[in-house]
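Contents: one structure, followed by commentary.
Each chain gets a letter, A, B and so on, in the order its sequence line appears, and its residues count up from 1.
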Number of protein chains: 2
Amino acid sequence: MTTIRDVAKLANVSVATVSRVINNNGYVNESTMQRVRQAIEQLNYRPNDVARSLFKGKSKMIALFVPDIMNPFFPELARAVEDISNKHGYTFILCNTDNQNDKEITYLNALLQKSIDGIILVSSTMTTSQVKDMKVPLIALDRKINPNLISVTVNNYEGARQAVQYLKKQGCKRIAHISGPENISNARERFRGYLDEVRDEEWFNSDFICVGNYAVNDAFEATKKLLQSNPEIDGIFVANDLMGVGVLKAAESLKIKIPNELSVIGFDGIELGNITSPSLTTMAQPIYNIGKRAAEILIQKIEHPNTVIKSEEHKVKLITREST
Amino acid sequence: MTTIRDVAKLANVSVATVSRVINNNGYVNESTMQRVRQAIEQLNYRPNDVARSLFKGKSKMIALFVPDIMNPFFPELARAVEDISNKHGYTFILCNTDNQNDKEITYLNALLQKSIDGIILVSSTMTTSQVKDMKVPLIALDRKINPNLISVTVNNYEGARQAVQYLKKQGCKRIAHISGPENISNARERFRGYLDEVRDEEWFNSDFICVGNYAVNDAFEATKKLLQSNPEIDGIFVANDLMGVGVLKAAESLKIKIPNELSVIGFDGIELGNITSPSLTTMAQPIYNIGKRAAEILIQKIEHPNTVIKSEEHKVKLITREST
DNA sequence: TTGTAGGCGTTATCAC
DNA sequence: GTGATAACGCCTACAA
């Protein structure tokens with residue numbers, strides 16, 4: 001490996017001068033600069049980032065924690081964060097937490113040892129005490145962790161209300177909800193939105209609510225039971241698209257026609273919903289964009305610790321497809 | 001930040017001793033070991049990995065290059081690599097290359113500056129000269145780069161033949177192929193498998209072949225044209241599942257019944273194929289497993305540079321679903 | 001405008 | 001068994 005010393009020797013200057021050229025700060029004569037540049041070129045010298053990190057205490061790396069990259073919601077988020085990291089000269093680290101707090105803590109410690117510069121968390125298991133007093137910048141994405149931790153999310157509550165309103169407008173008279181896990185903030189908000197929209201309807205019945213785990217299979221089973229016990233249901237608001245797929249499959253297996261006999265609306269707007277048949281109407285999140293913003297905000301926090309930064313709540317948008 | 005020096009001071013020993021305890025090598029008295037352990041505990045000391053990396057010239061980080069994590073084939077690969085990295089104490093870096101060689105080279109250089117320990121490449125654009133004489137271990141995954149670079153792939157050629165044979169067995173008399181990009185090794189092999197299986201059939205017609213780009217939309221358009229000009233086609237072997245979805249959609253839009261009028265078989269075995277209706281018959285790769293093996297081999301190469309390592313070709317497996 | 005030297009936190013080599 | 005100390009490669013006071 002060629003070091004700054006080799007360059008200095010070849011250019012007949014001190015390492016300090018080479019350093020000045022590399023980082024172009026400090027005074028350096030035009031002609032010596034040329035010499036140094038040439039030596040760098042000639043030796044194909046690249047500064048060692050590890051040494052730099054050691055000196056600066058910063059690594060130019062940021063990490064994203066997601067439950068599981070195999071869940072189709074997360075790749076787009078990851079892509080966005082990686083794009084922005086890359087654009088700003090940061091290296092992107094991906095961690096799958098499986099929603100397990102001990103994994104999160106283990107990753108966190110490992111990354112701190114590596115002088116990670118900042119972390120974006122999609123987490124429903126990190127506790128308030130675990131995130132406060134952290135010396136590295138953190139941002140919550142998709143799920144709020146606590147009110148003091150900056151977050152980038154969408155208007156889950158409003159979006160849920162809009163989804164239910166849309167089903168009503170389509171003529172649904174008995175609207176059910178398949179919710180996400182209660183420990184996930186966005187699932188709670190979507191549930192609350194549903195509830196506020198239906199609780200005063202004379203037809204409302206708490207049997208219309210079931211809890212899913214944001215995965216296809218659970219929703220499939222839940223929907224079968226739901227529709228068999230409550231055949232009067234003519235609309236379902238599903239808390240995410242993945243479960244929406246499960247609902248479509250359940251309806252198919254019960255020979256219930258969509259949208260004629262049952263309307264279904266999901267949440268998220270992942271590409272998958274476009275591929276099912278019938279395709280899935282959904283409240284689409286600006287997925288790429290929230291990932292992008294989280295990364296931008298994080299980098300802002302890293303590079304300008306004093307700027308005031310606020311949480312952001314982005315808007316979801318109705319995308320009507322064949323399931324309604 | 002608390003350093004090894006702080007621990008040494010508190011335990012009344014030298015940094016050397018602390019280092020011995022941390023890495024448990026060299027002799028150290030049981031009782032002093034206790035003292036040191038306690039001091040570490042008390043100060044909640046964690047060794048600084050950056051300093052370690054600087055000294056060792058290794059970073060305990062490995063990277064995976066994929067074209068685009070948003071393509072549903074790659075998350076499972078990424079998950080596998082991350083799992084294995086993590087298990088062996090490595091940090092996982094993800095890079096999206098968009099199949100662009102300049103991006104690959106930029107990433108490569110950036111990672112070398114960070115003393116990356118090894119890289120797994122899913123690449124169709126890296127050249128032989130770019131990968132040879134690399135000082136860090138490289139492994140090709142999913143796509144071969146050149147015969148000298150260790151690779152973990154599947155038996156694309158044989159799998160393609162099996163796919164076509166299966167269509168024949170289902171009674172197909174005119175079998176078309178939608179291939180992947182010619183610069184991707186696995187696409188070429190799958191194409192060759194198809195060709196060797198059909199070239200001697202009296203019905204064979206080179207119009208039955210079209211080139212796709214491994215994405216849904218292209219295949220959708222290609223299939224429409226293909227089926228309109230050649231209505232006699234009753235079977236399609238599609239080079240990957242993503243394009244398989246495009247084929248299904250095209251058939252639907254042409255009101256062609258699957259599998260009655262047309263049988264479709266894909267390649268890859270991504271979860272998506274299970275969700276379409278009809279669901280997609282496919283030659284499934286052991287996706288997680290090849291990612292896992294690539295990571296294991298890479299780590300082997302990193303930690304035991306002298307062991308002889310060979311390329312691996314894993315087997316694909318027919319999964320019959322509703323499209324045939 | 002340039003050079004010297006100390007330090008970032010660890011590890012490993014030598015002495016003792 | 002244990003302790004000094006010289007690297008690892010870079011950056012930045014401080015001097016000159």
Side-chain angles (χ1 to χ4, degrees), chain A residues 1-40 43-61 89 109-117 135, chain B residues 1-37 39-40 43-61 89 109-117 135-136:
Chain A
M1 166 176 266
T2 138
T3 78
I4 197 171
R5 236 172 287 274
D6 303 323
V7 177
K9 199 170 295 173
L10 182 59
N12 247 308
V13 294
S14 74
V15 295
T17 302
V18 179
S19 177
R20 289 192 194 96
V21 172
I22 296 168
N23 303 292
N24 72 92
N25 57 10
Y27 301 96
V28 39
N29 189 310
E30 182 61 34
S31 72
T32 62
M33 178 131 91
Q34 293 305 328
R35 279 214 315 290
V36 172
R37 286 250 165 76
Q38 201 171 329
I40 289 176
L43 297 174
N44 190 27
Y45 165 75
R46 310 268 176 186
N48 179 323
D49 275 341
V50 179
R52 281 180 142 157
S53 293
L54 179 58
F55 183 85
K56 300 219 178 189
K58 302 189 151 217
S59 61
K60 279 275 182 179
M61 302 193 298
N109 287 328
L111 293 174
L112 289 175
Q113 292 192 45
K114 288 194 140 42
S115 299
I116 191 85
D117 290 347
K135 42 238 139 232
Chain B
M1 166 176 269
T2 136
T3 79
I4 197 172
R5 236 171 285 274
D6 303 323
V7 177
K9 197 169 297 172
L10 181 57
N12 248 306
V13 294
S14 74
V15 294
T17 301
V18 178
S19 178
R20 288 192 194 96
V21 172
I22 296 168
N23 302 291
N24 73 93
N25 59 8
Y27 300 95
V28 37
N29 188 312
E30 185 61 32
S31 71
T32 62
M33 178 133 91
Q34 293 305 329
R35 279 213 317 288
V36 172
R37 287 251 166 76
I40 288 176
L43 296 174
N44 190 26
Y45 164 74
R46 310 269 176 185
N48 180 323
D49 276 340
V50 179
R52 274 163 122 125
S53 294
L54 177 59
F55 184 85
K56 301 219 176 188
K58 302 187 151 221
S59 61
K60 280 276 183 177
M61 301 194 298
N109 288 328
L111 293 175
L112 289 174
Q113 292 191 49
K114 289 193 141 42
S115 300
I116 192 88
D117 291 345
K135 41 241 139 229
V136 316

Practice item. When you get a sec, tell me which of D:dG9, D:dA4, C:dT10 is the closest nucleotide to the side chain of A:Asn48? Key: D:dG9
Point to revise | From C:dA5, C:dT2, C:dT10, nucleotide with atom closest to A:Val15 side chain | key: C:dA5
Look at the side-chain N and O atoms of [X] and state whether any lies under 4.0 Å from the OP1 or OP2 oxygen of [N].
{"X": "B:Ser19", "N": "C:dT11", "answer": "yes"}
{"X": "A:Ser14", "N": "C:dT4", "answer": "no"}
{"X": "B:Thr17", "N": "D:dT2", "answer": "no"}
{"X": "A:Arg52", "N": "D:dC11", "answer": "yes"}
{"X": "A:Tyr27", "N": "D:dT12", "answer": "no"}

Practice item. Could you tell me whether the side chain of B:Arg20 has a donor or acceptor atom within less than 3.5 Å of a complementary atom in the base of D:dG3? Key: yes
Whole angstrom is fine here: how far is it from [atom1] in [X] over to [atom2] in [N]?
{"X": "B:Asn24", "N": "C:dT11", "atom1": "CG", "atom2": "P", "value": "12 Å"}
{"X": "B:Lys114", "N": "D:dC10", "atom1": "NZ", "atom2": "P", "value": "13 Å"}
{"X": "B:Met33", "N": "D:dT2", "atom1": "CE", "atom2": "P", "value": "10 Å"}
{"X": "A:Leu43", "N": "D:dG9", "atom1": "CG", "atom2": "P", "value": "14 Å"}
{"X": "A:Lys56", "N": "C:dC8", "atom1": "NZ", "atom2": "P", "value": "16 Å"}
{"X": "B:Ile40", "N": "C:dT10", "atom1": "CD1", "atom2": "P", "value": "10 Å"}
{"X": "A:Lys58", "N": "D:dT12", "atom1": "NZ", "atom2": "P", "value": "13 Å"}
{"X": "B:Ile22", "N": "C:dA12", "atom1": "CD1", "atom2": "C1'", "value": "13 Å"}

Short side-chain to backbone donor-acceptor contact, [X] and [Y], under 3.5 Å:
{"X": "A:Asn24", "Y": "A:Val21", "answer": "no"}
{"X": "B:Arg20", "Y": "B:Asn25", "answer": "no"}
{"X": "A:Ser53", "Y": "A:Asp49", "answer": "yes"}

**Study point:** Side-chain H-bond candidate by donor/acceptor type, B:Gln34 with B:Glu30, under 3.5 Å
**Key:** yes
Review point. Would B:Arg52 and B:Asn23 count as having a side-chain donor-acceptor pair, cut-off 3.5 Å?
Key: yes
Check your understanding: Of A:Ile4 and B:Arg5, whose nearest nucleotide on DNA chain D comes first from the 5' end?
Key -> B:Arg5
Point to revise | Most 5' of A:Leu54 and B:Asn29 on DNA chain D, judged by nearest nucleotide | key: B:Asn29
Touch check for [X], heavy atoms < 4.0 angstrom, all strands: base, sugar-phosphate only, or nothing?
{"X": "B:Thr3", "value": "sugar-phosphate"}
{"X": "B:Thr32", "value": "sugar-phosphate"}
{"X": "B:Asn23", "value": "sugar-phosphate"}
{"X": "A:Val13", "value": "sugar-phosphate"}

Exercise for review: Give a yes or no on whether a salt bridge exists between B:Lys58 and B:Asp117, defined as a side-chain N under 4.0 angstrom from a carboxylate O.
Suggested key: no
